[in-house]
Amino acid sequence: ALGLDLCRGSLPEATSVDLSKVALVAGVVDGRNIWRTDLDAAIARLDDAKALHPASLAVATSTSLQHVPHDTALEKWDDPVLDANLHAWLAFADQKVAEVVTLARGVRQGWDSISEAVEATREVLAQRAAAPGVVRPELRERVAKLTEADRQREDFALRDELQRERLDLPLLPTTTIGSFPQTTEIRRARAAWAKGELSDADYAERMREEIASVIRLQEDLGLDVLVHGEAERNDMVQYFAEQLDGFAATKNGWVQSYGSRCTRPSILWGDVVRPHAMTVEWARYAQSLTSHPVKGMLTGPVTIIAWSFPRNDLPLAQVADQIGLALRDEVTDLQDAGIAVVQVDEPALRELLPLDAARHGEYLKWAVDSFRLATAGVRPDTQIHTHLCYSEFGQILDAILGLDADVTSIEAARSRMEVLPELAEQGFNHGVGPGVWDIHSPRVPSVEELTELLTLAAESIELRNLWSNPDCGLKTRGYAETEESLRNLVEATRIVRAQLEN
Ligand code: GLN
Ligand code: ZN
């Protein structure tokens with residue numbers, strides 16, 4: 001038997017294969033997304049498969065069902081219209097199995113035998129296409145009118161000069177990637193708030209206390225560019241999905257992320273708009289507590305798409321631009337609130353790279369374009385950072401340059417700065433913060449080890465462009481190890497500064 005993913009791939013040419021002795025298993029129900037199958041399209045594929053005259057034909061999902069949640073019947077959305085719509089539009093694992101059974105009956109007994117199901121699906125798909133929020137003409141127009149100029153900042157040389165003047169940072173500025181430990185108390189407060197046991201005001205007060213303590217800690221440690229710590233975020237994608245129109249969160253839609261970690265991706269079902277600012281009040285509060293610059297912290301379009309279930313009725317390039325526009329407005333609002341440094345995280349940039357090398361160019365173009373759209377609306381003296389992780393950056397070096405972020409922090413501790421010589425060779429002359437502390441391990445890095453990695457980094461990167469920071473966010477770490485590690489990081493940075501300054 002030969003199983004084929006006919007959602008991502010296609011059938012072989014009739015002339016190139018002899019399937020007469022093969023049981024063909026046709027994966028026509030998509031195992032990677034959560035949308036109800038277009039039965040007409042599936043039937044057309046199965047007809048093509050039959051035309052190859054396999055020994056027998058079976059119907060299947062395109063992959064195993066581990067990437068999708070269990071059952072839509074376990075969900076209930078508060079808005080009754082959205083609830084009715086999503087129940088009709090979606091197919092989780094149980095619904096996909098039912099679709100496979102329906103299609104298999106059609107293969108055996110003829111398509112007429114499933115005409116009722118086919119007709120019902122046609123109606124649902126037509127209703128979905130016309131439903132409010134799926135297409136927002138004003139937004140479509142805004143996206144259609146975008147030009148290259150909307151994605152282009154001033155020359156880096158000018159930005160660099162103005163930002164150095166405004167921020168007045170020491171050599172090898174120290175910073176972190178955004179999150180501080182998500183303690184049990186923070187999670188408990190959020191759970192109590194969700195259950196209505198903690199009022200909005202009390203929850204906000206709890207988060208402000210947390211922010212204040214994270215700012216105090218960073219001042220005490222001697223870090224240069226501070227963060228507010230992301231205590232208020234359940235997850236770096238879901239937090240934004242919950243505030244943007246066009247997304248729906250699930251209550252029980254768990255899927256495996258890696259190992260024993262699970263995540264509940266949000267469903268991106270409609271055109272994305274930002275009804276209100278999402279992060280500005282927290283950033284403004286954090287900045288009011290310190291004279292050091294506090295980084296605004298956002299998640300980029302590619303990562304929001306990669307860690308959600310995106311719609312299947314619009315090219316991802318357009319979805320990314322819609323999210324890019326929403327973020328662009330947020331970045332501008334942060335700037336107007338006095339935030340001088342804004343980081344737009346794209347840890348999933350490498351993850352979404354298609355397996356098929358022929359499709360790399362197309363993907364990287366929209367990925368980079370949407371980031372630039374999100375970040376190019378600011379003044380030249382506002383510093384844009386980005387953060388990338390999950391290593392193996394070789395294939396996306398051009399894209400990293402293309403992002404044109406003023407500062408890029410990058411996972412590099414485990415690979416011992418592997419990516420830096422390549423980056424330097426490509427002529428990268430913007431700021432770069434290669435992570436020197438591997439936060440995925442619970443080990444506290446010693447001053448010696450951090451000094452060594454920083455010195456190694458300084459061999460490839462011009463000193464004036466080099467930053468000192470951990471590998472990734474600290475939300476999975478505990479406070480004791482975080483404090484100790486950051487203290488060592490600041491100490492190592494001082495040593496390297498003193499060694500290299502003269
Ligand atoms: N700003 C995020 C954090 O610090 C980045 C996380 C990530 O790269 N996955 O948690
Ligand atoms: Zn990271």
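Here the structure is a predicted model, which is why all the values come from computation and not from measurement. What you see below is based on every heavy atom in this structure, not just the backbone, and it leaves out hydrogens, waters and symmetry mates. Each ligand, and each atom within it, is numbered from 1 in the order the structure gives.
Checked by distance only, ligand 1 and Glu230 come closer than 3.5 Å through their nitrogen or oxygen atoms. Between Trp307 and ligand 1, not a single N/O pair is under 3.5 Å apart. Looking at ligand 1, you'll find an N or O of Ile177 within less than 3.5 Å of one of its N or O atoms.
Residue Asp271 is tested with Gln322, Arg136, Gln318 for a side-chain hydrogen bond (donor to acceptor under 3.5 Å, both in side chains); the sole match is Gln322. None of Gln343, Lys295, His292 except one satisfies the side-chain hydrogen bond (donor to acceptor under 3.5 Å, both in side chains) rule with Thr175; the exception is Lys295. The side-chain hydrogen bond (donor to acceptor under 3.5 Å, both in side chains) with Asp406 is formed by just one residue from the set Gln383, His385, His430, Arg153; it is Arg153.
Remark: the Arg190 side chain and the Gln182 side chain contain an N/O donor-acceptor pair separated by less than 3.5 Å. One side chain, Ser468 or Thr493, offers a donor N or O that lies under 3.5 Å from an acceptor on the other.
In this structure, the protein non-hydrogen atom closest to atom 9 (N) of ligand 1 is Met236 SD, 3.6 Å. The nearest heavy-atom contact from the protein to atom 5 (C) of ligand 1 is Asp345 OD2, 3.5 Å. The protein atom (non-hydrogen) at minimum distance from atom 3 (C) of ligand 1 is Ser179 OG, 3.3 Å.
Note on Arg284 versus Asp333: no salt bridge recorded, every NZ/NE/NH1/NH2 to OD/OE distance being 4.0 Å or above.
Counting the atoms of ligand 1 from 1 in the order shown, those under 4.0 Å from a heavy atom of His387 are 8 (O). Interface of Cys389 with ligand 1, defined as ligand atoms under 4.0 Å from a residue heavy atom, comprises 8 (O). Close contacts of ligand 1 with Gly178, meaning ligand atoms under 4.0 Å from a residue heavy atom, involve 4 (O). Here is the list of ligand 1 atoms found below 4.0 Å of a heavy atom in Cys472: 7 (C), 8 (O), 9 (N). Below 4.0 Å from some heavy atom of Gly473 lie the following atoms of ligand 1, by number and element: 3 (C), 4 (O), 10 (O).
In terms of modelled atom types and a separation under 3.5 Å, the side chain of Asp345 and the main chain of Pro347 share no donor-acceptor contact.
Side-chain contact check for Glu411 versus Asp438: every heavy-atom pair is 4.5 Å or farther apart.
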